[in-house]
Amino acid sequence: MNFEYFTPTKVVFGRGTEERTGELVKEQGCHKVLIHYGGGSAVRSGLIDKICGSLEASGISYVMLGGVVPNPRLSKVREGIRLCREEQVDFLLAVGGGSVIDSAKAIGYGLANEGDVWDFYDRKRTAAGCMPVGAVLTIAAAGSEMSDSSVITNEDGWIKRGYSSNYCRCRFAVMDPELTCTLPDYQTQSGCVDIMMHTMERYFNLSDNMELTDGISEALIRTVMKNAKLLKADAANYEARAEVMWASSLSHNGLTGCGTGGGDWASHQIEHELGGMFDVAHGAGLAAIWGSWARYVYREHPERFARFAVQIFGLEDNGDPNALALAGIEKMEEFYRSVGMPTSLKELGVESTDAQIREMAEKCSFFGKRTVGVMKKLDASDVEAIYRMARG
Ligand code: NZQ
Ligand code: ZN
């Protein structure tokens, strides 16, 4: 399959690299920064103070806006747009994870375009630009530091939607694995699931994949699984933190999708409704529904799932792709459980009513206007069936 691969983000990786933030902003020719951050972990760890010091040393002024929550909200984005206009900010610095980076990207769209920023997420129109964004990453998970996406939740109706364009790709990403050592284990593991899923979404498709892309993808998934287990035992393992952090970027910057025709992405779309309605951690939500999605669709291309079982779990190829596919799905769920991740909605802590499941399925299908996935095109009734299978 033909493909485009565009990764304009400058990566600055390793211990102490956050000290270089000021220099990196200066390199962009910008003068006034919005330091955007979350609920306080970056303040408590002293990271925000370090960033301020680095900006001051480079002669760059700044304003701050914290309070971004996981599943970042549109109201905070609007607040950021207002503040940046008043303060004449020309660079958005996200200090945090996917939620903070996505919120900064949305602010960037709001500043660079006229009208209501939600229009882009609501598919009403496309953006013509985005104010420059940079990231100091504190959690390896979403891959937003190198991806073209931003995912925002509109509290009016609790609708969670993503918008993708190359305009929002970070100018730079500072990645110090040590910064992730303060993460609670649940967030570390949820992040590892999300990282693996960004590659698995691209891996499961109906096209004939490139051998090189498959090889990179399989190595990435195995590496994240191995290091997730190491981090379960020792949260301060720097090498494991580094492997996982680099995987988070490579898994979602397009590398593992070269030649795959774009990938499936149904699990993500199905999970986004869970995040919107129940405010769950994104990676944990993915773990809770992936097995049900896989069992629902594997018959469309059992050979692909069989290859996954052999390459990821070392299962013996017994010539029965359907049996191998199911064994591989079972193994993946065993892995999720081994690192404390849920494999059902119940384990995720979501007790959903029939009406809620129908509502999520309707929202996921944009009220009947789209299907999700390519392995099998799923309409609202398919998605509803998958939520039901995932209930546990
Ligand atoms: O808010 P604070 O106090 O910082 O706490 C955060 C938050 O509670 C905490 N945390 C982050 N770094 C920490 C830390 N706690 C201690 N020490 C640290 N070093 O972790 C919690 C989760 O943070 P969040 O940013 O929400 O995590 P993640 O990176 O998993 O981002 C999830 C969001 O990204 C979206 C998801 O849907 C979700 O909204 N995604 C974005 C994508 C993209 N833009 O390309 C792709 C993904 O598929 C995903 O959809
Ligand atoms: Zn994801």
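Throughout, numbering of the chain's residues begins at 1 and tracks the sequence. Just follow the structure's listing: the first ligand is 1, and inside any ligand the first atom is 1.
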For residues Ile159 and Trp118, report the shortest heavy-atom separation together with the two atoms involved. O-CH2, 3.6 Å
Please determine whether a side-chain nitrogen of the Lys or Arg among Arg15 and Asp176 lies less than 4.0 Å from a carboxylate oxygen of the Asp or Glu. no
Would you mind checking if Glu273 and Lys160 are paired as a salt bridge, meaning a charged N to carboxylate O distance below 4.0 Å? no
Lys/Arg-Asp/Glu bridge criterion (N-O < 4.0 Å) met for Glu79, Arg82: no
Carboxylate-amine/guanidinium proximity below 4.0 Å for Glu27 and Arg171: no
Between Glu334 and Arg337 (salt bridge meaning N to carboxylate O under 4.0 Å), is one present in this structure? no
Ligand-residue contact atoms, ligand 1 with Asp194, heavy atoms, under 4.0 Å: 47 (C), 48 (O)
Nearest protein heavy-atom contact for atom 44 (N) of ligand 1: which residue, which atom, what distance? Asp102 OD1, 2.7 Å
Before moving on, can you tell me the angle at the Zn ion (ligand 2) between the OD1 atom of Asp194 and the NE2 atom of His282, to the nearest 10 degrees? 90°
Which of the ligand 1 atoms, numbered from 1, are nearer than 4.0 Å to a heavy atom of Asn71: 39 (O)
Backbone or side chain, does any N or O of Arg44 fall under 3.5 Å from an N or O of ligand 1? no
Examine ligand 1 and decide if any of its atoms is less than 4.0 Å from a heavy atom belonging to Lys160. yes
Quick check: Lys105 and ligand 1, any N/O pair under 3.5 Å apart? no
Below 4.0 angstrom from a heavy atom of Pro72, which ligand 1 atoms are there? Numbered from 1 as shown, please. 39 (O)
Atom 49 (C) of ligand 1: any protein heavy atom closer than 4.0 Å: yes
Look at atom 43 (C) of ligand 1 and find which of Cys181, Ala42, Ser251, Ser147 reaches it with the closest heavy atom. Ser147
Out of His272, His268, Gln187, who is nearest to atom 22 (C) of ligand 1 when you count heavy atoms only? Gln187
Could you tell me whether Arg125 and Asp116 have a side-chain N and a carboxylate O separated by less than 4.0 Å? no
I want to know if ligand 1 touches Gly38 in the polar sense, i.e. an N/O pair below 3.5 angstrom. no
Hey, is Glu271 one of the residues with a heavy atom under 4.0 angstrom from ligand 1? no
Say whether Val95 and Ile60 are linked into one hydrophobic cluster, either directly or through other cluster members, by side-chain heavy-atom distances under 4.5 angstrom. yes
Taking the six-membered ring of Tyr238, is the NZ or CZ of Arg241 close enough (under 6.0 Å from the centre) and on axis enough (within 45°)? no
Presence of salt bridge, Arg391 and Asp354, under 4.0 angstrom: yes
Among side-chain atoms of Asp148 and Asn166, is any donor-acceptor pair under 3.5 angstrom? no
What's the shortest distance from atom 1 (O) of ligand 1 to any protein heavy atom, and which residue and atom give it? Gly39 N, 2.6 Å
Among Gly98, Gly162, Gly66, which residue places a heavy atom closest to atom 28 (P) of ligand 1? Gly98
Subset of ligand 1 atoms that lie under 4.0 Å from at least one heavy atom of Thr182: 16 (C), 17 (N), 18 (C), 19 (N)
Ion pair check, Glu218 and Arg202, cut-off under 4.0 Å: no
Charged N to carboxylate O under 4.0 angstrom, Lys76 versus Glu155? no
Can you list the ligand 1 atoms lying under 4.0 Å from a non-hydrogen atom of His252? 45 (O), 46 (C)
I'd like to know if the side chain of Gln356 pairs up with that of Tyr387 as donor and acceptor (distance under 3.5 Å, no hydrogens or angles considered). no
Shortest heavy-atom approach to atom 30 (O) of ligand 1 - which of Ala284, Ser248, Ala141, Ser164: Ala141
Can you confirm, on distance only, whether ligand 1 has an N/O atom lying under 3.5 Å from any N/O atom belonging to Gly40? yes
Side chains of Tyr296 and Asp382: is there a donor and an acceptor less than 3.5 Å apart? yes
I need the nearest protein heavy-atom contact for atom 26 (O) of ligand 1: residue, atom name and distance, please. Ser99 OG, 2.6 Å
Proximity flag Ser190 to ligand 1, non-hydrogen atoms under 4.0 Å: no
Check the pair Leu34, Ile107 against side-chain contact (heavy atoms from CB on, under 4.5 Å), reporting the backbone distance first and the verdict last. CA-CA 10 Å; Leu34 174 75; Ile107 293 170; 4.1 Å; yes
Below 4.0 angstrom from a heavy atom of His198, which ligand 1 atoms are there? Numbered from 1 as shown, please. 46 (C), 47 (C), 48 (O)
Is the Zn ion (ligand 2) less than 2.8 Å from an N/O/S atom of His268, whether that atom is in the backbone or a side chain? yes
Per-atom filter on ligand 1: closer than 4.0 angstrom to a heavy atom of Thr138 are 11 (C), 12 (N), 13 (C), 18 (C), 19 (N)
Side chain or backbone, does Ser41 bring an N or O within less than 3.5 Å of an N or O on ligand 1? yes
Among all the protein's non-hydrogen atoms, which is closest to atom 7 (C) of ligand 1, and how far away is it? Pro70 CG, 3.8 Å
Could you work out, for atom 10 (N) of ligand 1, the closest of Ile139, Leu183, Val68 by heavy-atom distance? Leu183
Selected option - heavy-atom contact closest to atom 42 (C) of ligand 1, from Gly283, Ala142, Gly275, Gly285: Ala142
